[in-house]
Amino acid sequence: MSDYSFEISGIEIGKNRPILIAGPCAAESVEMVLETAGTLKDITARANIPFIFKASYDKANRLSISSSRGMGFPKGLLALKRVKDELDLPVITDVHETYQVEAVASVVDIIQIPAFLCRQTDLVLAAAASKKAVNIKKGQFLTPCDMKYIAEKVKNTGNNQIILTERGTSFGYGDLILDPRSIIWMKEFGYPVLLDITHTAQKTGGEKGFSGGDRNFVIPFGKVGMALGVDGIYMEVHPDPDNAISDKQIQVPLDDVERYINEIFML
Amino acid sequence: MYRKYKIFLILLFIVASVSAQDTYTALEIFSQGLIEQDIYTDYQSALEKYLLAELFAPRDPTIKYCISEVLYTMGFYDNAMNKAIEAQKISPNDEEVNLLIGRINLIKGKCEKALPFIIESYLAQERDYSELMRCFNAKGNFKQTINVVLDGLRKFPESMELLLKTGLAYGRIGEYELAIEYLNKSISIDISLIEVYEVLFSLYFHLGMEDSLFSLYSKFLRVTHDDPDARLNILRKLLTSRLNSQRLDLLIQTYLGRFPKDSAIVLQPYGYYLLYIGEDEYALKLLNRAVELGRENADIYFYSGVCCENLELFDSAVVNYKRSLEIEPRGETYTNLAGIYGKQEKYDSLISLLNQGLEKLQDKFKFLFWGGAIFSEVGLYDLASRWLQKALFLQPGDNKVLFALGDTRERAGYRPEAISILEKLYKLDPDNPRILNYLGYLLVDDDHRIKFASKLIKKALKKDPDNAAYIDSYGWALFRKGKVKSALDVLLRAENIYGKDPTIQDHIGDVYFSLGKVDSALFYWKKSIDLDPYNNIVIEKIRKNEIKSDEIDDK
């Protein structure tokens with residue numbers, strides 16, 4: 001159990017029961033968001049796994065200028081509001097600019113700091129000041145030990161609702177590696193630690209201007225995380241990954257999610 | 001000053017009437033009236049006492065003056081005027097009586113009658129300035145208004161009302177910076193003045209002062225935390241301002257998102273917001289939920305109607321608009337509903353609805369204009385012309401109505417009449433690009449004064465170079481002058497900018513036809529018919545030339 005466990009909409013984070021954060025990489029349409037969230041809600045209810053829905057309303061950190069960014073603000077955020085209001089699910093999304101934080105906080109339960117922006121002090125402080133829980137994704141370029149300092153930025157504002165998420169570490173050019181020690185080191189800080197099992201399977205910039213990856217690693221990485229006692233699994237899911245606007249090669253097909261979860265969470 | 005005068009009169013009464021029983025009784029009752037008026041501010045009791053005193057002293061101007069003053073304070077201006085005139089007849093040079101007559105005239109809007117008394121006498125109360133300003137405003141003399149209120153502000157520098165009115169008057173004469181300065185001064189005295197925020201919002205919108213707008217909006221949200229209806233009003237203004245701004249989205253989202261999902265207060269504005277950003281289905285859902293939670297009003301049904309209309313749920317839109325009209329008859333609801341009847345070709349319902357609206361609504365001019373435009377849109381040109389002419393009777397020379405009337409006469413096939421109306425408009429407003437283009441186009445199309453017409457179209461294009469309609473007119477003018485290839489280039493450019501205009505497609509078809517390219521002509525005429533299926537002239541061109549084309553194929 002983490003020293004700084006907390007509760008979000010009836011879900012305990014950082015206690016002994018691992019949670020699942022899942023959803024599409026990008027909110028592509030209201031229908032797609034509601035369909036994915038509804039299916040995941042049913043699957044996780046059957047498996048008795050605490051579930052938080054994730055989607056990005058704006059993919060602001062795309063490699064190529066021509067890459068689609070999703071529904072954008074405000075429509076993407078409103079799609080998340082519908083998930084929260086109509087499906088009664090807690091939601092998480094990422095922010096990229098300080099001025100967006102207040103509006104995003106009015107809808108979501110957890111604000112996520114993207115890995116590429118985890119050292120942006122103003123953004124981290126703005127998210128912390130919202131009094132919402134903050135999930136900081138570990139930068140691919142960052143040593144796990146340095147995450148302590150980033151978490152302290154949030155904690156210094158009086159906000160102790162902090163989650164750290166491992167999402168792989170840069171390995172040479174265009175590749176990522178999952179170093180299991182990272183989870184062990186970060187857990188020592190006392191904050192709940194999640195493992196993003198889809199992004200750790202990513203190959204950054206490996207596919208002519210967009211990210212690639214290998215979905216075959218997703219289940220093994222999930223098992224590694226569970227064996228190391230992570231507080232939850234973070235996984236991107238899409239109803240039709242081949243036609244997704246991002247992360248086509250690593251998002252888990254919605255139809256396969258139940259199998260993935262059973263294999264990972266049965267440990 | 002008048003208080004001293006009253007005391008002096010009472011003393012006079014006492015001296016003059018010690019031996020007269022009636023006068024003594026009158027004095028006694030009159031004094032009680034004064035106490036009721038001045039000490040207890042009970043105007044009804046004071047009036048009763050004064051009227052009783054008048055029975056004992058029917059020729060006394062002071063009693064009559066006091067009756068008139070109380071009636072004026074209570075808002076019975078006609079009665080007050082009658083009594084003041086009675087007092088004036090007995091004492092024609094009484095300054096107080098004359099000033100009171102002036103004030104009564106002023107409040108009744110009879111500025112001409114009021115001015116000699118008010119201006120030549122003196123302005124003693126904030127209310128006098130306010131009323132005098134109202135008079136000047138009614139006469140459209142805003143500069144005079146400003147002089148009056150500035151004079152008032154020298155005496156009453158903290159008068160919120162005078163500050164507000166000074167700001168409004170500056171706004172009317174286009175002195176926006178001064179308007180903003182005075183309006184801001186007035187809300188610094190009373191931050192809860194909703195109407196000032198509304199005017200300031202409008203000014204900021206008009207001037208594109210986004211930073212000031214957002215800072216005012218934040219302030220407004222703070223002061224109206226317990227007034228959801230006021231917030232709704234401003235929110236609606238913000239949403240209809242066409243201010244395409246992510247900041248506006250963020251601000252509205254931040255405010256609305258804070259409320260729990262079933263907060264009846266917030267469902268309605270959330271619905272407006274969603275409608276504004278094109279999320280019609282979600283908007284309708286929230287507005288329906290707000291109604292379920294007991295928030296029923298004309299607005300909510302109106303906007304539900306708009307959502308249904310956007311979603312092409314016309315029957316549901318009709319139900320919602322009708323409910324809105326049952327609660328409050330409004331012009332825009334009538335016209336939206338009439339628009340649906342027009343689409344459904346239910347012309348009897350449309351006519352009966354608009355007649356009903358005309359009967360119920362106060363602003364007849366505006367409704368006649370809107371109604372005329374709707375009749376014209378659905379092809380009921382005679383009715384459209386009649387309504388627009390009635391509107392012109394109420395406001396002769398109104399540009400918008402004249403333009404709509406010219407357009408209606410043109411659509412109805414009375415081109416010379418349409419041209420004559422547009423020529424009249426051109427004389428009234430020679431720089432208006434819409435008028436320049438429409439008149440130019442009609443003249444070109446009629447092969448009439450083409451040089452002059454081309455000049456008008458070029459002038460319109462200079463003001464708005466990327467307007468597809470103006471480019472089309474220019475292309476059509478070139479075609480009429482025989483410059484066919486140049487005309488085609490210009491018309492294709494117009495199509496590239498706005499391909500959904502059936503006239504542009506028709507013109508391109510005609511140009512191709514003149515070049516002998518019948519297939520291309522047919523292609524564009526058919527595109528025109530797809531956009532306007534009822535254009536019989538184009539239908540006929542297709543019919544004739546399709547036969548010809550078949551004949552060619554047969555050979």
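Here the structure is a predicted model, which means the values were calculated and not measured. In the text below, chain A, chain B and the rest are named by the order of the sequence lines, each starting its count at 1.
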- Task: For B:Glu377, look at atom CD and say whether over 12 heavy atoms of other residues, nucleotides or ligands are found less than 6.0 Å away.
- Result: no
- Is any side-chain heavy atom of A:Val30 closer than 4.5 Å to a side-chain heavy atom of B:Glu281? no
- Note on the structure: Taken in chain and number order and not counting sequence neighbours, the residues that satisfy side chain to side chain contact (heavy atoms under 4.5 Å, CB included) with B:Asp464 are B:Asn467, B:Tyr470
- Is a side-chain N or O of A:Lys75 found less than 3.5 angstrom from the main chain of B:Glu279, in a donor-acceptor match? no
- Task: Could you walk me through whether B:Tyr282 and A:Glu86 pass the side-chain contact (heavy atoms from CB on, under 4.5 Å) test, one step at a time?
- Result: CA-CA 11 Å; B:Tyr282 190 19; A:Glu86 294 173 21; 3.7 Å; yes
- Hey, is CZ on A:Arg119 packed in by over 12 heavy atoms from elsewhere, all under 6.0 Å? no
- Item | From A:Lys81 atom NZ to B:Leu286 atom CG, the distance as rounded to the nearest 0.5 Å | 7.5 Å
- Query: How about A:Phe141: does its CZ atom have over 12 heavy atoms from other parts shown lying under 6.0 Å from it?
  - Reply: yes
- Message: For the CG atom on A:Asn156, are there more than 12 heavy atoms of other groups (residues, nucleotides or ligands in this structure) within a distance under 6.0 Å?
- Response: yes
- Item | Exercise: identify the closest heavy-atom pair between A:Leu78 and B:Tyr270 | CD2-CE2, 3.6 Å
